[in-house]
Enquirer: 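Dropping the structure in here first, questions after.
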Amino acid sequence: MSKLQTKLLRLPQVKESTGLSKSSIYARIAEGTFPKQISIGPRLVVWVESDIQNWIAELVSAARG
């Protein structure tokens, strides 16, 4: 059985990967057009790296037709 390898990203990593600002990320989450964050503590949220990578790939695919 293979192990699922999932990396969790904090906001600065998500911003760097996407080129989006914090306000843009949260606005897109509210619109339902960006992967939702996961709360892992009272003041800590993360995103699943594969969700972010898939979002980027879909964006590129849509842009290229």
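Sequence positions, counted from 1, serve as the residue numbers for this chain.
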Enquirer: Kindly compute the distance separating CD (E49) from CG (N54), expressed to the nearest 0.5 Å.
Expert: 10.5 Å

Enquirer: Are any non-hydrogen side-chain atoms of L44 and R10 less than 4.5 angstrom apart?
Expert: yes

Enquirer: Please report the closest heavy-atom contact between I56 and S17, naming both atoms and the distance.
Expert: CD1-O, 3.6 Å

Enquirer: Are L8 and I52 joined in one hydrophobic group, where the rule is that I, L, V, M, F, W and Y side chains link up if heavy atoms are under 4.5 Å apart?
Expert: no

Enquirer: Would you mind reporting whether W55 and V14 have side-chain heavy atoms less than 4.5 Å apart?
Expert: no

Enquirer: Within the structure provided, determine whether I29 and W47 are in side-chain contact (heavy-atom separation under 4.5 Å).
Expert: yes

Enquirer: Drop me the distance from R64's CZ to L59's CG, to the nearest 0.5 angstrom.
Expert: 10.5 Å

Enquirer: Does a side-chain heavy-atom distance below 4.5 Å link V46 with L9?
Expert: no

Enquirer: Please report the C-alpha distance between I40 and V45 in whole Å, then the side-chain angles of each, then the deciding distance to 0.1 Å, and finally whether the side chain to side chain contact (heavy atoms under 4.5 Å, CB included) criterion is met.
Expert: CA-CA 6 Å; I40 61 171; V45 296; over 6 Å; no

Enquirer: To check you understand the geometry: which heavy-atom pair defines the closest contact between K15 and I25, and what is its length?
Expert: CG-CD1, 3.7 Å

Enquirer: Which atom names give the shortest non-hydrogen contact between S39 and G41, and what distance separates them?
Expert: OG-O, 3.1 Å

